[in-house]
Structure formats: structure tokens, C-alpha cells
Amino acid sequence: MDLTAAPFLGIPEYALLWALSAVCIGLFALRIAFFVRILRLAKPESRLHHIGKRLRMVMTDVLVQPRFFDRTSAVHAIVWPVHLVIFWGFVCYAVTFGWSLVKGLVPGLPIPWPEEIPIVATLVDLFGGIVLVALAIAAFRRYALRPRGVKRTVDAGIILVLIALVMLTSLAGAAAGIAGRGEATPEAWLPFAGMLAGLFTPSGAPALQHAFWWSHMGIVLGFLAYLPYSKHFHLLASPFGVFLGQTDAIGKMRADDSAEVEGRFDLRDFTWRELLTPLACAECGRCDRACPSYNSGEALSPQDLVHGLKEHVLAAGPLLLRANGGAAALRPAMNGAFPPDAVWACATCASCMEHCPVRNEHLPLITRARRRLVSHGAVDAHLRDTLTAFARYGNSFGQSERARAKWTQGLPFRLKDARKEPVDVLWFVGDYASYDVRVQNITRAVATLFDRAGLDVGILYDAERNAGNDARRIGEEGMFEMLAEKNVAALSHCTYNRIVTTDPHSYNTLRNEYPDYGLSAPVVHHTELLLDLVRGGALRVSPLSIRATYHDPCYLGRYNGVYDAPRALLRAVGVELAEMPRNRRDGYCCGAGGGRIWMEDRPGSGERPAESRVREAVALGDVTVLVSACPKDIVMFQDALKTTGNEGALAVRDVAELVLQAAAAFAPAAQEV
Amino acid sequence: MNIVVLMKQVPDLVEELEVDAGGTLLDRAWLRFITSEYDDHALEQALLLKEQHGGTVRVLALDMGEADEMLFTALAKGADSAVKLSGDFATGIDSHSAAGIYRHALEGASFDLILTGVQAIDDLDGPAGAMLATHLGLPYIGVVSGIDVDTANGEAHVRKEYPGGLLAEFTVDLPAVIGIQAAMQPPRYVPISRIRQTMKTASIDETAAQGERIAGAISVERMYKPERAGSATMLEGSADSIAERLLDILTEHGIGR
């Protein structure tokens with residue numbers, strides 16, 4: 001059997017195959033070269049450390065794809081097996097296609113056709129059939145069930161049809177082969193081709209088999225040419241994206257590397273990894289569904305933002321390459337790729353990144369756009385006032401730094417001044433815990449617990465400044481630097497062994513970012529420290545009988561992986577925990593992060609993230625307390641309880657308040673707080 | 001379009017204000033200074049006009065409080081030059097003296113427009129701009145919240161907002177002095193990194209404050225915190241008992257029977 005030896009219209013078929021391959025592979029290569037040239041224009045970024053970790057990410061996220069498993073509903077859960085089958089079917093077909101192509105290009109090559117080897121033929125048949133079933137499910141989901149965030153683009157339709165045709169032509173060719181052999185014993189088990197064999201007559205079969213082979217090769221070659229021009233390019237870019245994904249703590253932002261080229265903002269101002277993100281995007285919509293701002297009807301769709309950057313790469317890339325990196329007037333188009341209202345709607349909860357199957361990195365793009373807007377002074381009035389307050393008073397409340405420790409007034413014991421005497425634990429209290437009257441009683445509860453446990457603890461009093469975590473995520477890098485420098489300077493005059501903080505946002509930057517500014521002490525969250533104190537017996541508790549649910553603060557959970565300490569602490573004080581459907585890495589942001597707490601909601605937007613979260617807790621039915629471990633959560637949820645009319649149904653508490661309640665029985669008689 | 005902006009520092013109200021032992025001034029030991037909000041608007045308005053018409057913005061300030069920080073911030077926002085008028089302002093300065101200093105600094109200078117805040121919270125006095133205009137022989141218009149400049153005709157159209165939702169537009173020949181109530185946009189945000197950069201690269205011109213105080217100044221007789229003048233008594237209980245108690249009180253004070 002030599003499928004390409006015969007002439008067609010006087011030209012040997014193998015020559016036609018050479019021509020077709022040259023055109024299609026040429027188109028493919030042109031596009032790849034274009035992308036490579038774009039990435040080479042971009043800024044450098046080091047992504048080759050942690051090789052072992054990177055290989056493990058590829059092994060799991062490329063070969064097994066567990067991030068695809070979305071347990072929130074059957075409509076989404078089905079995608080994991082469907083995509084995995086299509087992926088492995090693709091791998092199988094890519095191998096046999098390459099094999100067939102070589103054999104077709106070089107007639108008489110002394111190797112068999114892939115289908116002549118029984119096990120390969122069976123694999124191709126099984127994958128062909130199963131992939132067709134998977135495609136049917138995928139199409140039904142996309143076009144009939146129409147889940148949110150899944151777009152019905154022309155691109156998506158073409159790809160589904162092309163994959164189906166690849167499978168069908170292969171199965172039909174094998175079926176014609178069976179029909180052609182007539183009653184002869186089949187060489188391999190081909191269940192799906194066998195079903196189709198009845199469609200063909202033995203006499204016409206060889207010609208049809210030949211035609212199907214050609215259609216198969218033609219479609220695959222066409223697909224190859226089309227692929228890098230479509231969203232299907234993700235299948236080539238995303239394995240690189242996964243391998244070159246973030247391996248450092250996501251809570252550590254890169255310093256501002258703006259080129260400071262006046263008036264310029266184009267692709268050269270991004271790193272190559274940032275530009276790889278839109279190329280690797282498969283437009284699956286998972287980021288949108290995970291995004292609290294998108295779900296609340298704010299202007300942000302992480303998927304659209306990434307897609308907008310891709311469109312910009314395609315539109316501006318050729319201009320930039322042609323201008324040889326010269327001054328191309330690209331600024332307006334770039335602003336189009338990052339609409340300010342979308343950029344500002346982000347609460348930096350990192351849920352998009354956590355749920356992205358190809359490990360794309362949305363937040364660095366948003367920060368880059370924000371830094372750009374801040375450098376132009378393009379911030380809304382509320383945010384401007386907050387930033388001005390940070391600069392002037394070191395807190396977002398616009399209150400005097402002298403009032404920072406006012407919450408300590410009325411404590412029946414003296415909290416050490418860490419500036420004046422050595423302490424074991426330095427307590428970095430945080431803005432909301434210090435200044436917000438709704439949170440101060442929690443801060444006093446923490447102080448009381450530390451005192452009861454005999455902890456050698458002190459605070460910085462007036463010298464503490466906002467840690468700058470949110471200022472940095474607003475894109476005000478200079479503010480972050482200034483605040484970090486002031487805090488590190490204040491800390492450098494103190495003697496202490498470790499830092500505890502009552503604020504997950506401070507926790508994140510103190511732990512992950514302050515080491516760059518000279519901080520070397522270990523940093524723990526108050527729930528971690530209290531757990532140690534309870535377990536070590538320093539803090540005696542009697543079990544409560546409360547059924548509660550715990551909300552994972554983004555900067556504690558997703559950012560720093562502290563999921564277990566608060567839960568263990570709650571269990572240690574006898575709280576029976578019920579989990580909300582969105583827990584741990586799926587935890588749903590309260591909407592306050594990334595400076596959102598100081599910005600206006602978009603008029604007419606839908607249910608706010610905190611309201612959605614409160615309703616989720618109420619829907620558990622049998623819990624009386626929504627527990628958190630972040631002062632901003634407390635403020636957001638207390639507000640959401642009121643706006644959703646759930647004040648009677650649920651109480652919002654910090655973990656520390658429940659611990660204090662459990663410790664009440666052991667309070668010294670003179671000390672009632 | 002060359003614009004001069006006069007800016008000053010005023011006490012920051014986040015700190016508790018105390019009257020000093022003399023009883024006519026704020027206790028400066030606890031005082032903290034902040035840029036006068038109206039002056040910030042005057043600067044913003046000047047920067048907006050510069051963006052529209054080109055030219056320069058020159059900022060003048062008396063050396064009080066955080067004058068350096070204020071001037072560097074103005075330069076970072078886009079002002080072209082900054083002048084600090086140094087002198088002994090430890091006990092503050094009244095508007096007549098300030099106007100005298102500004103007159104001396106600006107006499108003979110070339111400019112199209114002088115903008116300043118219409119008033120400042122530390123004197124609630126307001127005439128500095130008007131006095132300066134009078135002594136420079138220029139027109140003055142105050143409480144302005146919008147300016148359009150017609151460079152061809154050398155005039156400005158300014159808007160004032162009146163109570164009751166009324167706007168009035170005036171035309172004033174340039175050069176002129178204008179007291180700003182509000183700029184046409186809220187004052188812009190300038191990133192810290194740019195202010196820090198400006199502090200490294202730009203410089204503030206410093207000259208000694210000179211000039212005679214303009215006559216007719218007022219002086220503070222006494223400064224004090226509002227004094228409590230009695231208090232209300234709430235009557236509680238049933239309507240009958242309240243009525244009875246009320247009658248007693250009225251009788252007690254000799255009202256009625």
C-alpha cells in the first residue's frame with residue numbers, strides 16, 4: 001500500500017503533499033516566528049530557577065490537568081474529563097500524523113504505516129471515537145448550556161468542527177479499509193471504524209480509503225496552519241506557560257521596572273512572560289467565573305483583559321517590529337487594551353490565577369496597568385484621598401499617627417512599647433485593627449489573650465505605619481517603598497524575636513516583601529500564634545458549643561497558604577466548623593483587597609462580593625457565626641449583613657473573639673473585658 | 001500664558017488645636033501644617049490652563065510649615081519653578097503682611113495671571129489677593145470656580161457659583177489676580193516616586209521675604225475654644241408627668257402664674 005506513489009493530474013501525489021506541507025508548515029512557522037520576535041522585544045524576566053518544581057508543574061498541569069476540575073457544578077466538572085480526552089487524543093493523533101506525513105512524503109520508506117501496527121490502529125480508533133463523544137459534550141455545553149464566561153466565538157466553532165473532521169476522516173479511512181478487506185480477518189480491534197465499515201461497498205472502498213487519507217492529511221495540515229492564528233495556539237504556548245509559570249510566592253510582587261521612557265507605553269514595557277499570558281490563554285472563562293468583580297457586574301473580566309492584550313499584540317506587534325523598535329504611536333491602543341474601570345475593579349484576590357488551568361498570570365498585567373495610571377495621576381477622588389492620607393499620616397483613615405494606639409486606652413494592663421524595651425514578640429497591629437472602631441474591640445481581645453497567655457509582646461505605638469501591601473497593589477510603588485522604609489527603620493530600633501500581625505494584608509507584605517527591605521524576623525498571623533498558645537497550654541480554654549463557618553481571607557489563604565491554623569484554632573476552642581461551598585483555595589473574596597475598599601462600586605453593579613459571601617454562609621442553614629481572621633473582612637461582612645437583611649441570622653466574628661469567649665472561664669477575677 | 005500661583009501652609013486639623021499661653025495664637029508646639037486646600041485648587045487650575053494654552057507656572061510660597069514639601073509637590077505636578085520667600089514667620093503672618101511681601105516679589109515681574117486660594121482656614125480673612133491686585137494696579141475677582149482664557153483678546157472668562165444653583169460669568173482683562181474657590185477638576189494625584197525624583201533633580205529658588213505690610217490690618221484680641229453656654233435638660237416620663245414638671249419649671253422661672 002503506497003498512498004502517494006500514484007500521479008494525480010500528471011503530478012506525483014507525494015510532490016503534491018510536499019507542496020501542501022510546505023505551504024501549511026510555512027504559514028505555521030511564520031506565525032511562530034512573529035510571536036518569538038514579539039517576545040524578544042519584551043523585557044527580560046528570569047524564569048529558570050526551581051527547575052524541579054517546574055517539571056512537576058508540567059507533569060501535573062499539562063499531563064493530568066487537575067486545575068480543570070471545577071467542582072462548583074456538573075456543567076463545569078464535566079470539562080476536566082472532556083478536555084483530558086481531547087488532549088490525549090490530540091497527542092496520539094499528532095504522533096500518527098507526523099508518522100503518516102513522513103511516510104507519505106517519502107514513498108517507499110521502509111517503515112509501516114501507523115495503522116498497520118495493530119496496537120496503534122486500536123489506539124487511533126479508540127481515541128477517534130471517544131474524542132468525538134467528548135466533542136459532542138463540549139459543543140452541547142458551549143452552545144446549549146451556555147455557561148457564563150464561555151464564549152461562542154467563530155474561532156471556538158471552527159476548532160470544534162476541525163477536530164471532529166480530523167477524527168471522522170481517520171475513522172472513515174479505517175472503516176473503508178475494513179470494507180475493502182471484505183471477509184478477511186481484521187488485523188486489529190477497531191470498534192468505532194467497525195461500526196462505520198457497513199457504509200462502504202468492498203469495490204469502492206480502496207478509492208475512498210485513499211480519499212479519506214488525503215482529506216485527513218489535508219485537514220490536519222490546514223489545522224496546523226490555522227492553529228497559531230486562533231485561540232487553539234494555547235496548545236503550543238500553554239505547556240511553555242506552565243513550565244515558565246510562577247514558582248515564587250504570589251504574595252511577592254516584582255518591584256516597578258518601568259522603563260521611564262517618557263510618553264511610551266507599549267509591548268516593550270511588558271516582560272516576555274507577561275506577553276506569553278495572552279498567547280497561552282485558551283479562553284476557557286474560568287478566571288471570569290472565579291472573579292468576584294466580574295460576578296458582581298463590575299467592569300472587569302480577566303478573560304477580556306487578557307484577550308485585549310492579545311488583540312493588541314496582533315495589532316501593534318507588526319507595527320512595532322516594522323518600526324524596528326522605534327517610536328510607534330501606540331499609546332492609545334494600549335489604553336484600549338486596559339480600560340481603567342476594568343483595571344481598577346480588581347480586588348487582587350488572585351482567584352483568577354489560582355483557577356487558571358494554564359497558570360496564566362493576570363495580576364502582574366493589572367499591576368502594570370495600574371502603575372501606569374497612577375504615574376499619570378489617573379486615580380479616582382476617594383483613592384486619591386486615601387493615598388494622600390497614606391503619604392501624610394501613614395494610615396488610610398486620615399487620622400493622626402498619634403492616635404494609632406488609642407485603642408489601647410481602657411485595657412486593664414499595659415502593653416509594652418517595643419521602641420523602649422525588648423520584647424519576644426513584636427505585634428504589628430495594622431491600620432484597620434488600630435483605627436477602625438468596628439474592629440478595635442477585636443484588637444483588644446487579641447491583646448487580652450496575649451496578656452492572659454503571659455506573652456512578652458509589645459507594639460510600635462505611633463511609629464507603626466500602614467505596611468503598604470495595598471498601596472503596592474494599587475500601583476503606587478513609591479508609596480509602598482516609603483512606608484516599607486519607615487516601618488523597617490522603626491523596627492530596626494527594636495529588639496524582638498518574631499513579628500505577629502492581626503492583618504493578613506500586612507502579613508503578606510511583611511513576610512514576602514519586607515525581606516527585600518531588610519526585615520529578617522519570622523512573621524506569623526495572630527491565628528497561628530494563638531494556636532500555639534492554646535496547644536502549648538499557655539492559654540486555657542473551655543470548649544464552646546458553637547457551629548460556625550470560616551471565611552478564608554485571600555491574603556492569608558490563597559496568598560500564603562494559611563488554611564489550617566485558623567480552622568485548627570477554632571476546633572481547639574470547641575467550634576464545630578461547617579464549610580461553605582467556596583472554601584480554602586476557592587475562598588471567595590470579600591471585595592476589599594487591592595485598594596477596592598477605598599473605591600466606589602460601579603453604579604448599578606450587582607450583588608457585591610461580601611453580600612454573596614454572607615448569603616453563602618446563611619445558606620448553610622445551621623451556622624450562627626461567620627468567622628474570619630481579617631479586619632477588612634469584619635468591616636465588609638458587617639456591612640453586608642445589614643444590606644442583605646441578615647443581621648438576625650448571622651454574627652460576624654474574628655477567630656480571636658471566639659477564643660476569648662472560650663478563655664472567659666479562666667479569666668482572672670479582676671479582669672473582665 | 002505665564003501664571004503665578006501663591007500658596008501657603010495652614011494648620012492641619014487632624015491634630016488637636018491648642019491656644020498658646022498668650023491667648024491670641026495657636027500653640028505651635030503641637031501644630032502641624034498642611035497645604036491650604038484652596039491654594040491646592042489654585043495650583044490645579046493653573047496647571048490645567050498651562051496644559052491648554054502652554055506657558056509656565058511659577059509657584060510662590062512663604063517659608064512656613066512644610067513649604068519645601070509643598071513646593072516640590074507642585075514641581076512634581078508640573079509647575080516650572082518654585083520660589084520660597086524666607087523670613088521669620090514663626091508666629092504666623094496676617095494677610096496684610098503677606099500681600100505686602102507678594103507685592104514686593106511680583107512688582108515688575110511679567111505674568112498674565114496670578115492665582116491664589118480665595119481664603120485660608122487660619123485667618124478666614126480673604127483680602128490677600130484683593131490687596132495684592134489693588135497695589136499692583138490689577139483687577140481682582142474672587143470665589144471663582146472656573147476659568148477660560150481667551151489669549152487672543154487678552155482676557156479671561158471666569159465663573160462664580162452663587163447660592164441657589166446660579167452661575168455667573170465675568171470677563172476680566174489680563175493680567176489679573178483671581179481668588180480660586182475650586183479648580184475645574186479636583187487637584188491631581190502625584191505619585192510619591194515622582195515627588196522623590198523631583199526632590200533629587202529640581203531645586204527651589206529661595207529669596208528673602210521683603211516688602212511693607214499693607215496698612216489697615218486687624219489684630220487678634222483673644223483666641224479661645226467655644227465655651228459651653230448652659231445645656232438642655234431632657235424631660236422624660238409619661239405625658240402627664242412631663243406636663244407637670246414643665247409647669248413647675250415655668251413657675252420656678254416666674255413665667256405664668
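Remember, predicted model here, so these are calculated numbers, not experimental data. Chain identifiers are assigned alphabetically (A, B, ...) following the order of the sequence lines, protein sequences preceding nucleic acid strands; residue numbering begins at 1 within each chain.
Heavy-atom distances place the side chain of R196(B), and not its backbone, under 4.5 Å from chain A. Proximity to chain A is absent for every atom of I195(B), based on heavy atoms less than 4.5 angstrom apart. Looking at R402(A), only its side chain comes within 4.5 Å of chain B, counting heavy atoms on both sides.
The neighbour count for H493(A) NE2, taken as heavy atoms of other residues, nucleotides or ligands under 6.0 Å away, does not exceed 12. With a 6.0 Å radius and a threshold of 12 heavy atoms from other residues, nucleotides or ligands, K252(A) has its NZ atom at or below the threshold. Heavy-atom neighbours of E236(B) CD from other residues, nucleotides or ligands within 6.0 Å: at or below the threshold of 12. With a 6.0 Å radius and a threshold of 12 heavy atoms from other residues, nucleotides or ligands, H157(B) has its NE2 atom above the threshold. Taking a 6.0 Å sphere around CD of E37(B), one finds it holds 12 or fewer heavy atoms contributed by other residues, nucleotides or ligands.
For the side chain to side chain contact (heavy atoms under 4.5 Å, CB included) criterion with Y189(B), the lone passing option out of D380(A), L383(A), V379(A), D385(A) is V379(A).
Side chains of Y393(A) and D12(B): a donor-acceptor N/O pair is present below 3.5 angstrom, by distance only.
In this structure, OG in S193(B) is found 10.0 Å from CE in M479(A), a value given to the nearest 0.5 Å.
Contact check for P186(B) versus R384(A): side-chain heavy atoms found under the 4.5 Å cut-off.
When all heavy atoms of V14(B) and G398(A) are compared, the pair lying nearest together is CG1-O, 3.3 Å. Across all their heavy atoms, S375(A) and R194(B) have their closest contact at O-NH2, 2.6 Å.
The existence of a salt bridge linking R32(B) and E401(A) is confirmed by a sub-4.0 Å separation between a basic side-chain nitrogen and an acidic carboxylate oxygen.
Without hydrogens or angle criteria, E476(A) side chain to I192(B) main chain gives a donor-acceptor distance under 3.5 Å.
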